[in-house]
Structures are given as structure tokens and as C-alpha cells.
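Here the structure is a predicted model, which means the values were calculated and not measured. All chains are named by letter (A, B, ...) in the order of the sequence lines, taking the proteins before the strands, and each is independently numbered beginning at 1.
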There are 2 protein chains.
Amino acid sequence: MTFAALNTVFADTAAPRRDAGLDVPGVRMAFAAGEEIYAQDEEADLIYRVIEGSVRTTRLGSDGRRQIGDFYYPGDVFGLETGAEHRFSAEALCDCQISVTRRAVLSRQGDDGFRVERMIWAATARELQRTQEHLLLLRRRTACEKVASFLLDLADRFGGETTTLPMGRQDMADYLGLTIETVSRMVTQLQADGLVEFSGNRRFRIRSRSGLSRLIVA
Amino acid sequence: MTFAALNTVFADTAAPRRDAGLDVPGVRMAFAAGEEIYAQDEEADLIYRVIEGSVRTTRLGSDGRRQIGDFYYPGDVFGLETGAEHRFSAEALCDCQISVTRRAVLSRQGDDGFRVERMIWAATARELQRTQEHLLLLRRRTACEKVASFLLDLADRFGGETTTLPMGRQDMADYLGLTIETVSRMVTQLQADGLVEFSGNRRFRIRSRSGLSRLIVA
DNA sequence: CGTTTCATTGAGTGCGATCAAGCCGTGTGG
DNA sequence: CCACACGGCTTGATCGCACTCAATGAAACG
């Protein structure tokens, strides 16, 4: 890899999250809601890409508490570890279509080896960036800010008028470092304040983007 | 880079933190305590390595609160960003000797281009791993656990009988997501419990490793 | 219609933040 | 040498937010 190529990788990380370029032959697999895609400590020689549905990666802390690594949506690559084994496990949040590719197959694509390596590196770099953002989120002062920020991010990612929460309250709580009760209370409060509007407990609509932003910054 | 080389990179991340392999020509620079090494949003075309001393990277959150990215000690590489600009700034915690190398110089080393790329990637991967650990730390329940875990990590990294804290209480607090008062209280408490022993407020000794570990896991 | 699972709501408590003094080592100048 | 100021750290008192425990509500399923 030349340094020019290297800089291209860096530049790529500023691009939107969806990973283009993994249009290599991959086996399309279906996973049912709740099904495990790979386990913690399992050997990591496969790379995954969400075609349809949502995925979460989790990990059991030494204290028994569950940590959520991240959520992945259509277009996202996941399962790339920095070691030989998966340090998180991955589960389907709903019925999913996942493209699965063997690492070794990628490397044998010969024609343009750089492309593959770049993709992998770019994915790692992006993962780092997202983890740092998550860290920032966890340090936010109040539970309200956390939840508001989470909903806003999600709405931005999917970009429709209304957004469907792909995960339950427990997953939100684990991701935000809160309890399920607190998440519930904050959702109720945000709704009472007229900032978001829920219909059912999985569909919501942003009613006041500026109001939410003010909560987060202030 | 072949895939074999790629796997070697991955394997390297399990190795101790000190980055071997950056024995490329670098300019040795001295920084005084508190001096800025690079600024947030500055262009990131230099790579740094701690020769002597300690460095912290920081970042201002949107809410004005200071987030500490990480602390770096002798042997550690820092300043590698995933984008074109530094997303954190770096400051010397004490008088430091830093080896500074231009990225472009590295890539022109031609002879074994892989080595450089691998080093950079390995550093990125390690950074990701450390960030994930930090995330886990921030989610620990109590302030006591956080402080205990921090002191234990530090003692392990330096490995002597007694350890010198390279940073002040405010830096610890920012890193752990606590206030300076709480950090102080916890230090006092850990000492009262006979788990650590401070002489002055920067030198300490682990008195009961098992006791500390129990705190963290429990 | 009961059962199960998930979310909401309520009451009470505890931990860490906040506000406010005090303490101590260090440096400075008389 | 002392007096003083200054910054970093510690200690104290109080308060509020989020956790805990517990009960209720609401869908989804057989």
C-alpha cells in the first residue's frame, strides 16, 4: 500500500458510514430475531455486512453487566476484530439478511489487494471513531441528554419522517449506561415536553429538533 | 500487504502496548510540562512517540466539558488520527522527550513499506482496543471501582514497587468521568481501607492487589 | 382467557455533584 | 527567617438525580 492509498483510507473515514466496496462475493444468510450471529471468543475469520435488519454486538463485563459494543444497520460492516477472536458477540435484533464473507477469500481476490485492505482498515478506523463518540455520549451529564442524543442520532441515520427503534428499552439502557426504568422515564418526559412523539413504543417522530439539540448542548 | 502480513498486524495488537518498530529517523523534541504538542483541528501529518515523560490527549466536548482521550507513556505512539485533522489535542504532562516523524517520510522509506503501514495500523487497532476498555471502565458502577481500577492499571503498566502518578487529580477526574472531589475522597478511602498507600499525593504503592481486584470485579 | 414478555409508573434511598471552607506545599519578596 | 499569596488537594454539608425495589399496564402469543 502506498502512502497515497493510505491517505485515501483516512479520507474515507469521513465519508458516510455505509461501507461501499464490499461488493465481493459473499454468502447471503438469514438470521431470525434474537439469533446469535457469532459468539464472544469465537474465531474471527468471517466478515459480515448488514443487508437488511439490525444487529447489536455485546460483551459481558467482568462484573457480569452487559456492555453493548454498537448497533449496525443496513450497509454497515461488522465482525472485524483487532485480534484473532471476537471480543464481542453479535445478535440479530430482528429478522436479518446478512452478507458473510471469509477473510481469506477476500485476500485471494488478488486483482486489487489494496481495495480489500483499505476497506478493512477503513472499517477499523470508523469503528474507533464511533467508539470515541460513544464514549463522549456516556459522559454526558444527565440521562435526559443521553436519551435525546440517542434518538436524534437514530433519526438522523434513517432520515425518514418517523423512525422505528430497532431495539428494546433494555438495549437502549445498556448502550447508554442507564437502567431500563430511567430510559422509560426520559422517553416519557421528552414526549411530555413535546420534543418527540411516540406511537407505540418503537415508532417515534422528532417534533422539535432544535429543542432536542438545545438539551444536548446545554 | 498480503493477508499473511495482515494477520500479523492483528496478532501484534495482543502484544504489550509499547510500539516497537518505529525506529525510523525521527526528530527528538523536548516539551515542557503543560506545553501543547499539537492542537485540536490541526493538520495531522506527524506521528509522535513518547521517549520519556507522559502525554495526555484532550478534546472539548460540545458541552464545554473536557474529555481525556488517553494518557501515553514511554514507548507509546500517539497522534495517529483516522482523519486528516487531529480530533484531540496533545499536551505534555511533565517535561517530555518526544520523537516526531513526518508521515510522508515514513512512506518514502521504500525498503519495507509493509512495516510502516503495519505499524500505523497496529497503532490504530490498539487505540480502538484501549478506547473500548476505557468505555468499559466508565460504565463501572461506583466511583470507587473506577479509581481502584485506574490505579491498578497504572501500577501494572509501570510495574515498580511504588508508582508515580504522572497526572493531577483533575486529569484523573476527567478521565474517569468524576469530579476532582470524588476522586480525592475515593483515594482517601482506599487508603483508609489499607488497599493502597500514598506518600505525597503523587506517589503510591499497592498494598493489597487482591483487595483492589475484589473491589473491581464485585 | 391466561400466560409471558416488555414497558411504564411510583416511592424511597444512596451516591456523587455541588457549593464552600480549610489544608498544605511551593514560591516570592521583604 | 517569616509573611504572604497561590495552586492543588482534601474535607465537610447539602442536594438532586438516577438506581432500586415493587407494582401496574399493555401488547403478543398460545
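Atom CZ in R202(B) sits about 16 Å away from atom P in dG7(D), given to the nearest Å. In this entry the distance linking CZ of F204(B) with P of dT10(D) reads 13 Å, nearest Å. The interatomic distance linking F198(B) (CZ) with dG25(C) (P) rounds to 16 Å, in whole Å. One interatomic measurement links the two molecules: CD1 of I180(B) to C1' of dT18(C), which rounds to 13 Å at whole-angstrom precision. Going from atom CE of M167(B) over to atom P of dC9(D) covers 11 Å, rounded to whole Å. We find that CG of L165(A) is positioned 10 Å from P of dT8(C), with the value rounded to whole Å. The nearest whole Å value for the distance from the CG atom in L93(A) to the P atom in dC6(C) is 13 Å. Atom CD in Q170(A) sits about 17 Å away from atom C1' in dT4(C), given to the nearest Å.
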>> For a quick check, with a 4.0 angstrom heavy-atom cut-off, what is the B/S/- contact string for nucleotides 25-30 of chain D, read 5' to 3'?
In response: ------
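Within the 4.5 Å cutoff, the side chain of L60(B) has heavy atoms near those of the R66(B) side chain. Taking 4.5 Å as the limit, some side-chain heavy atom of L151(A) sits within range of a side-chain heavy atom of F198(A). Proximity of R49(B) to V77(B): side-chain heavy atoms (C-beta onward) are separated by under 4.5 Å at one or more points. Between L178(B) and V147(B) the shortest side-chain heavy-atom distance falls below 4.5 Å.
In this structure, R56(A) forms no cation-pi arrangement with F71(A), as its terminal cationic atom is not both closer than 6.0 Å to the ring centre and no more than 45° off the ring axis.
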> Can you list the steps and then say if F158(B) with Y73(B) is a ring pair (Phe, Tyr, Trp, His ring centres under 6.0 Å)?
Replying inline: CA-CA 9 Å; F158(B) 287 109; Y73(B) 309 112; 5.0 Å; yes
> Are T182(A) and T179(A) close enough, and set up right, to give a side chain to side chain donor-acceptor pair (under 3.5 Å), and what steps lead you there?
Replying inline: CA-CA 5 Å; T182(A) 302; T179(A) 60; 3.0 Å; yes
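Scanning atom types as modelled, one donor and one acceptor separated by under 3.5 angstrom connect the side chain of R185(A) and the base of dG10(C). Judged by distance alone with a 3.5 Å cut-off, no donor-acceptor contact links the side chain of R169(A) to the base of dT5(C).
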Sub-3.5 Å pairs of nitrogen or oxygen atoms, protein against nucleotides 20-22 of chain C:
none

Check nucleotides 16-18 of chain D against the protein and report each pair of N or O atoms closer than 3.5 Å, with its distance, or say if there are none.
from: dA18(D); atom 1: OP1; to: A143(A); atom 2: N; distance (Å): 2.5

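Within the 3.5 Å criterion, the main-chain N or O of S199(A) finds no donor-acceptor partner in the side chain of R205(A).
Between E36(A) atom CD and T58(A) atom OG1 the span is 8.0 Å, to the nearest 0.5 Å. Taking CD from E181(A) and CZ from R185(A), the interatomic distance works out to 6.5 Å, rounded to the nearest 0.5 Å.
With respect to R209(A) and D156(A), a salt bridge is recorded, a charged nitrogen being found less than 4.0 Å from a carboxylate O.
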